[in-house]
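Have a look at the structure below before the remarks.
A, B, ... follow the sequence lines: proteins, then strands. Residue 1 opens every chain. Worth saying up front: this structure is predicted, and the values here are computed from it rather than measured.
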Protein chains: 2
Amino acid sequence: MTTETKKLRGRPRVFDMDEALDKALQIFWQRGYEGASLAELTEALGVNKPSLYAAFGNKEELFMKALSKYTTGPVAFVRDVINEPTSHAVAKRFLYEAADFLTQPSHPKGCMIVQGALSGGESAEMVKKVLIQYRNAYENLLTKRFEQAKQDGDLLSDADPHALAKYLATLHQGMSVQATSGASNDDLKAIADLALSAWPKAK
Amino acid sequence: MTTETKKLRGRPRVFDMDEALDKALQIFWQRGYEGASLAELTEALGVNKPSLYAAFGNKEELFMKALSKYTTGPVAFVRDVINEPTSHAVAKRFLYEAADFLTQPSHPKGCMIVQGALSGGESAEMVKKVLIQYRNAYENLLTKRFEQAKQDGDLLSDADPHALAKYLATLHQGMSVQATSGASNDDLKAIADLALSAWPKAK
DNA sequence: TAAATAATATACCAATTGTTACAAAAAAAT
DNA sequence: ATTTTTTTGTAACAATTGGTATATTATTTA
């Protein structure tokens with residue numbers, strides 16, 4: 001029993017918070033933080049503004065919660081990537097799964113962490129910063145994995161873990177832009193293959 | 001005499017259209033289409049709204065004109081890239097100049113054609129489309145250059161010009177995101193070097 | 001000097017932005 | 001049955017959005 005439904009008093013909430021957050025995620029994913037208006041959000045969620053504010057706080061908090069759901073939901077798989085046995089396998093799986101994910105027709109194209117708030121006005125500043133942190137966090141994860149690969153002898157001593165991680169992150173971010181612009185899964189796979197041919201050989 | 005200053009009648013314009021457009025470009029470059037408000041634009045240009053509208057049309061037209069200035073100004077150099085003698089030289093110069101340009105401290109980080117309107121509300125739809133066209137146009141330029149390289153024997157017959165062009169475009173777009181997120185010139189150069197090591201050898 | 005022309009500044013417009021007061025409604029607790 | 005608690009719906013809020021009407025000012029032409 002994960003969700004302990006304790007008897008709460010007061011008028012019961014008419015909507016499911018998790019479903020609502022999911023719908024908010026879709027909107028933010030597609031429109032970006034500033035591009036998503038509260039009118040569109042409440043409309044899509046089927047929840048009026050006071051209820052939305054009571055449940056999630058303001059727009060920024062709603063975005064952050066949707067973002068959190070994004071990282072533990074749709075893109076949770078990327079954390080497993082580092083468990084591949086070799087650095088090459090890590091890179092390959094990362095780029096291939098990115099290609100699949102970014103072009104999936106079941107949800108908006110591209111990555112929310114990349115496109116959620118790249119540019120924008122003053123009001124998007126905080127969201128922008130947080131998204132940069134998310135991107136850096138994942139990049140650091142890859143860096144550490146490739147440092148490990150060096151210790152394993154899987155990467156030669158002249159390999160640069162930081163550069164390799166940034167290379168993959170850059171490709172992912174570029175592929176995200178490509179996907180949003182209409183690139184197909186095959187297009188991205190071809191890019192991934194080309195990119196992988198640059199991968200340093202093991203000893 | 002490029003600018004024929006014909007005697008116009010009526011009250012003379014108090015601001016320089018070219019300078020004003022340049023300032024608008026900076027704002028759009030940094031904020032994106034939707035993120036740039038008319039208040040910020042008029043403030044930065046030192047021109048009040050009626051004058052701005054009389055001179056450039058509405059916000060969308062102003063953006064398009066700034067975009068046009070962008071392509072014939074700051075990023076005009078990318079058209080020369082295809083004149084390099086080999087496909088590898090084209091790729092190298094493209095990525096290196098991108099690294100320099102995207103991190104230059106004299107103007108906003110990143111590329112306006114990438115970040116100008118990746119996501120956004122309904123009102124940004126047209127701008128979004130136009131930016132995609134610009135990106136595709138340059139990608140096609142690279143594709144054609146690499147098709148030529150195949151005919152030249154500079155690329156082997158199994159090379160895929162389309163994929164190579166998309167590979168470079170993707171790297172550029174990813175590097176643009178990286179630059180906006182704080183990556184340094186050296187970071188981007190290291191990415192470029194790695195990316196170039198994937199380049200197919202000539203016969 | 002007067003007429004014609006065009007850009008200026010102020011002040012406004014309706015529509016939308018994110019956010020909230022407030023009263024009615026629905027449940028549990030007393 | 002009444003109180004307490006919480007959510008709901010309506011309706012509003014000030015601020016900002018992109019965009020203009022209008023009157024004034026500055027210039028050239030006649």
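The distance from atom CD of B/E40 to atom P of C/dT17 is 19 Å, rounded to the nearest whole Å. Rounding to whole angstrom units, CZ of residue A/R9 and P of C/dT30 are separated by 7 Å. Nucleotide D/dT20 holds its P atom 16 Å from the CZ atom of B/F56, rounded to whole Å. As a whole-Å value, the separation of A/L62 CG from C/dT19 P is 10 Å. We find that CG of B/L41 is positioned 12 Å from C1' of D/dT17, with the value rounded to whole Å. Taking atom CG of residue A/N58 and atom C1' of nucleotide C/dT17, one finds them 14 Å apart after rounding to whole Å. A straight line from CG of A/L45 to P of D/dG9 spans 13 Å, rounded to a whole angstrom. Between B/L38 atom CG and C/dC13 atom C1' the separation is 14 Å, expressed in whole Å.
Annotation: cation-pi pair B/K59/B/Y33 present, NZ/CZ under 6.0 Å from the ring centroid and within 45° of its normal.
With sequence neighbours excluded, the residues satisfying side chain to side chain contact (heavy atoms under 4.5 Å, CB included) with A/K189 are A/Y96, A/A99, A/D100, A/N185. The side-chain hydrogen bond (donor to acceptor under 3.5 Å, both in side chains) search around B/E19 returns none, not counting sequence neighbours. Residues passing the side chain to side chain contact (heavy atoms under 4.5 Å, CB included) test with B/R13 are B/F15, B/M17, B/A55, sequence neighbours excluded. Judged as a salt bridge (charged side-chain N to carboxylate O under 4.0 Å, His left out), and not counting sequence neighbours, the contacts of B/E97 are B/R93. For A/F146, the ring pair (Phe, Tyr, Trp, His ring centres under 6.0 Å) partners at least two apart in sequence or on another chain are A/W199.
In this structure, B/M175 and B/L95 approach most closely via the heavy-atom pair CE-O, 3.6 Å.
Bending across the helix from C/dT1-D/dA30 to C/dA28-D/dT3, expressed as the angle between its end axes from five pairs apiece, amounts to 10° (10° rounding).
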Collect all protein-nucleotide pairs involving nucleotides 7-10 of chain C in which both atoms are nitrogen or oxygen and the distance is under 3.5 Å.
| unit_1 | atom_1 | unit_2 | atom_2 | d |
| --- | --- | --- | --- | --- |
| C/dA7 | O4' | B/R11 | O | 3.0 |
| C/dT8 | OP1 | B/V14 | N | 2.9 |
| C/dT8 | OP2 | B/S51 | OG | 2.7 |
| C/dT8 | O5' | B/S51 | OG | 3.3 |
| C/dA9 | OP2 | B/N48 | ND2 | 2.3 |
| C/dA9 | O5' | B/N48 | ND2 | 3.3 |

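The closest side-chain donor-acceptor pair between A/T180 and A/Q115 falls under 3.5 angstrom.
Near-neighbour residues of DNA chain C inside residues 119-128 of chain B, defined by a heavy atom below 4.0 Å, are absent. Against DNA chain D, the stretch residues 20-37 of chain A makes no heavy-atom approach under 4.0 Å.
Residue pairs meeting the salt bridge (Lys or Arg N to Asp or Glu O under 4.0 Å) criterion with at least one member in residues 32-56 of chain B, sequence neighbours excluded: B/R31-B/E40. Screening residues 158-187 of chain B for salt bridge (Lys or Arg N to Asp or Glu O under 4.0 Å) gives B/E139-B/K166 as the qualifying pairs, with residues at least two apart or on separate chains. Screening residues 126-135 of chain B for salt bridge (Lys or Arg N to Asp or Glu O under 4.0 Å) gives B/E125-B/K128 as the qualifying pairs, with residues at least two apart or on separate chains.
Ring pair B/H107/B/F101: centre-to-centre distance below 6.0 Å.
Below 30°, between 30° and 60°, or above 60°: for B/F28 and B/F63 the angle between ring planes is above 60°, a perpendicular geometry.
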